[in-house]
Enquirer: 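Provided herewith is a single structure, encoded as structure tokens, for subsequent inquiry.
When reading the values below, keep in mind they use all heavy atoms of this one structure, side chains included, and skip hydrogens, waters and symmetry mates.
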Amino acid sequence: MSDRRPATRQGRPLWMFLPGGVLTLLVIAIPLALALYISLLDLDQYSIREWVGADFIAFDNYVEAVRDSHLVHAIGISLGYSALVSAACVPLGLAAAIATQDRFRGRALVRSILLVPYVLPAFVVGSTWRIIFQPDGIANRVLGTEGLWLNGPRSFWALVLVQLWAGWPLVYLLAAAGLQSVDASVHEAAALDGAGWWAKLRHVVLPQLRGPLSLALVISFLHNVNSFTLPFVLFGVPSPVDVEVLPVLTYVESFQNFEFGLSVAMAVISLVLVAIPMAVYLRAVRLDTGRERSSR
């Protein structure tokens, strides 16, 4: 009796993981394996009907993507604007979270309004800002400028501005949640010690928000790198060279040039780019957890 009970307890969690494992296999593992296989084929509009019999060309699609396409340029644009937007979102979101932390009349309404840019569909955001950035639109009238915002060098900053407007509430939401978890006694102790608002922010609030802000920074960066709908609606296709981001380039190669093998190779490279910061973040979280356990 006593020998069977540990075996039963050890075997029970494995059965609980079975539904999730099957779902992961069907939704993630099998499609990923097919994508890797397709990226090694010479698959285009002429061979798509019998894609299983397409010529196997190994890593030629990856070589072509790096040498003969705009992939490197698109990666640079995607990483550059994503880093700028993510870095700018942190102080904006943190400031909004701190400003709405204390209770005041109408706080719930203010918090709801601050989340509007984030909950709006990307198609609506892109369409609205496309109207604003027209040559005779609101942007040029308010700024007193002339010229194009949706083409040329200004298009990059237009993309940064729109993505920043739509993305900073995510940082605000996570920072506000982190502030709610800070113990009130910590604020009281800082007040009794005579700490000013800057000292309190630097030595009390920010250390408590290191985890939520790091998570917000990583999620914001990954979201911006993978953003397709907003650049697609804002600039159309083919996109201007200054805003030719990787998701839009992959779409053009697949659904306009019908180079399916090449586009899947680009998608695989995009997956690798996304996996790197995620792996770094998960590693950092694991190290922090290990330090907390060792200190205990």
Enquirer: Please answer: with hydrophobic residues joined when any side-chain heavy atoms are less than 4.5 Å apart, are M266 and I38 in the same cluster?
Expert: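 In one cluster with M266: I38, yes.
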Enquirer: Quick one: are L92 and L164 in side-chain contact, heavy atoms under 4.5 Å?
Expert: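 L92 reaches L164 side chain to side chain.
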Enquirer: With distance as the sole test, does D55 use its side chain to make a donor-acceptor pair with the main-chain N or O of I57 at under 3.5 Å?
Expert: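 Here the side-chain-to-backbone pair does not exist.
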Enquirer: Run the side chain to side chain contact (heavy atoms under 4.5 Å, CB included) test against I30 and tell me which residues pass, sequence neighbours left out.
Expert: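 Only L25, L26, L34 meet the side chain to side chain contact (heavy atoms under 4.5 Å, CB included) criterion with I30.
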Enquirer: Side chains of S86 and V171: closer than 4.5 Å at any heavy-atom pair?
Expert: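 Not in contact.
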Enquirer: What is the minimum heavy-atom distance between S78 and V225, and which atoms define it?
Expert: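 Closest heavy-atom pair between S78 and V225: O-CG2, 4.3 Å.
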Enquirer: Can you find a pair of side-chain heavy atoms, one from L271 and one from L32, that are under 4.5 Å apart?
Expert: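 Side chain of L271 against side chain of L32, heavy atoms only: contact under 4.5 Å found.
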Enquirer: Could you tell me if S227 and N224 have a donor-acceptor pair between their side chains, going purely by distance under 3.5 Å?
Expert: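 The answer is no; no qualifying pair exists.
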Enquirer: Within this structure, what is the OH-CD1 distance for the pair Y62 and I269, rounded to the nearest 0.5 Å?
Expert: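 If I round to the nearest 0.5 Å, the distance is 7.0 Å.
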Enquirer: Compare every heavy atom of P277 with every heavy atom of V218, then report the nearest pair and how far apart it is.
Expert: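 Smallest interatomic distance, heavy atoms only, reads CG1-O, 4.5 Å.
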Enquirer: Does W165 reach the side chain of L120, with side-chain heavy atoms less than 4.5 Å apart?
Expert: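 Side-chain contact under 4.5 Å: yes.
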Enquirer: The test is side chain to side chain contact (heavy atoms under 4.5 Å, CB included); show your working for E259 and S69 and say whether it passes.
Expert: CA-CA 12 Å; E259 295 289 344; S69 71; over 6 Å; no
Enquirer: Treating Ile, Leu, Val, Met, Phe, Trp and Tyr as nodes and any side-chain heavy-atom pair under 4.5 angstrom as an edge, say whether L84 and V245 lie in one connected cluster.
Expert: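 Yes, L84 and V245 fall within the same hydrophobic cluster.
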Enquirer: Between L246 and L273, what is the shortest heavy-atom contact and its length?
Expert: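 In terms of heavy atoms, the two residues are closest at CD2-CD1, 4.1 Å.
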Enquirer: Apply side chain to side chain contact (heavy atoms under 4.5 Å, CB included) to V264 and L41, showing your working.
Expert: CA-CA 10 Å; V264 173; L41 301 178; over 6 Å; no
Enquirer: Under the 3.5 angstrom rule, does the side chain of S263 hit a backbone N or O of F260 as a donor-acceptor pair?
Expert: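 A pair under 3.5 Å: yes.
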Enquirer: Measure the shortest side-chain to side-chain distance between L159 and V85 over non-hydrogen atoms and say whether it is less than 4.5 angstrom.
Expert: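 A side-chain contact under 4.5 Å is absent here.
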Enquirer: Are F255 and L262 joined in one hydrophobic group, where the rule is that I, L, V, M, F, W and Y side chains link up if heavy atoms are under 4.5 Å apart?
Expert: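 No; tracing contacts between hydrophobic side chains, which count when under 4.5 Å, never links both residues.
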Enquirer: Determine whether L148 and V237 fall in the same hydrophobic cluster, where Ile, Leu, Val, Met, Phe, Trp and Tyr are linked whenever their side-chain heavy atoms lie under 4.5 Å apart.
Expert: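 No.
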Enquirer: Assess whether atom OH of Y46 is packed by more than 12 heavy atoms of other residues, nucleotides or ligands within 6.0 Å.
Expert: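 Check fails, neighbour count at 12 or below.
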Enquirer: Please list all pairs meeting ring-ring contact (aromatic ring centres under 6.0 Å, His included) that have one or both residues in residues 205-240, counting only residues at least two apart or in different chains.
Expert: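 Of all non-adjacent pairs touching residues 205-240, those that pass ring-ring contact (aromatic ring centres under 6.0 Å, His included) are F228-F232, F228-Y251, F232-Y251.
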Enquirer: Please lay out, stage by stage, how E244 and I77 fare under the test side chain to side chain contact (heavy atoms under 4.5 Å, CB included).
Expert: CA-CA 7 Å; E244 192 177 30; I77 294 294; 5.7 Å; no
Enquirer: Tell me, which pairs form a side-chain hydrogen bond (donor to acceptor under 3.5 Å, both in side chains) where one or both residues lie in residues 143-156, sequence neighbours left out?
Expert: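 Residue pairs with at least one partner in residues 143-156: N140-T145, N140-W149.
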Enquirer: Hey, any chance V110 and L170 share a hydrophobic cluster, counting ILVMFWY side chains that come within less than 4.5 Å of each other, even indirectly?
Expert: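 Hydrophobic grouping puts V110 apart from L170.
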Enquirer: Can you tell me if H73 uses its side chain to pair, donor with acceptor, with the backbone of V241 under 3.5 Å?
Expert: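 A pair under 3.5 Å: yes.
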Enquirer: Determine whether L174 and L213 make a side-chain contact, defined as any pair of heavy atoms from C-beta on separated by less than 4.5 Å.
Expert: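 They are not in side-chain contact.
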Enquirer: Nearest 0.5 Å, please: how far is CG in L94 from CG in L206?
Expert: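 With rounding to 0.5 Å, CG (L206) is 6.0 Å from CG (L94).
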Enquirer: May I ask you to list the residues sharing a hydrophobic cluster with V272, side-chain cutoff 4.5 Å, ordered by chain and number?
Expert: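 V272 clusters with I276.
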Enquirer: Please name the pair of heavy atoms, one in V248 and one in P231, separated by the smallest distance, quoted to 0.1 Å.
Expert: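 Looking at all heavy atoms of both residues, the closest pair is CG2-CB, 4.1 Å.
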Enquirer: Which heavy atom of P169 sits nearest to which heavy atom of L114, and what is that distance?
Expert: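 Of all heavy-atom pairs spanning P169 and L114, the closest is CG-O, 3.4 Å.
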Enquirer: Under a 4.5 Å cut-off applied to non-hydrogen side-chain atoms, are V162 and F133 in contact?
Expert: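 V162 reaches F133 side chain to side chain.
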Enquirer: Do L40 and L36 have side chains that approach each other closer than 4.5 Å (heavy atoms only, starting at C-beta)?
Expert: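 They are not in side-chain contact.
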Enquirer: Only pairs at least two apart or in different chains count here, so list each side-chain hydrogen bond (donor to acceptor under 3.5 Å, both in side chains) that has a residue in residues 110-119.
Expert: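 Applying side-chain hydrogen bond (donor to acceptor under 3.5 Å, both in side chains) to every pair that reaches into residues 110-119, excluding sequence neighbours, yields nothing.
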Enquirer: So which atom in F156 and which in G80 form the shortest heavy-atom distance, rounded to 0.1 Å?
Expert: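 Of all heavy-atom pairs spanning F156 and G80, the closest is CZ-C, 4.5 Å.
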Enquirer: Give me each pair satisfying side-chain hydrogen bond (donor to acceptor under 3.5 Å, both in side chains) with a member in residues 228-242, each pair once, sequence neighbours excluded.
Expert: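 Listed by first then second residue: nothing to list.
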Enquirer: Look only at the side chain of S254 and the backbone of T250, and say whether a donor-acceptor pair between them is shorter than 3.5 Å.
Expert: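 Looks like no, no N/O pair under 3.5 Å.
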Enquirer: Between CG of L249 and CD of Q256, what distance do you get to the nearest 0.5 Å?
Expert: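 Rounded to the nearest 0.5 Å, the CG-CD separation comes to 11.0 Å.
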Enquirer: Using side chain to side chain contact (heavy atoms under 4.5 Å, CB included), reason through Y172 and L115 one step at a time and then give a plain yes or no.
Expert: CA-CA 8 Å; Y172 156 70; L115 291 176; 3.8 Å; yes
Enquirer: Any donor and acceptor pair, going by atom type alone, linking the side chain of S127 with main-chain N or O of V124 inside 3.5 Å?
Expert: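 No, S127 side chain to V124 backbone: no donor-acceptor pair under 3.5 Å.
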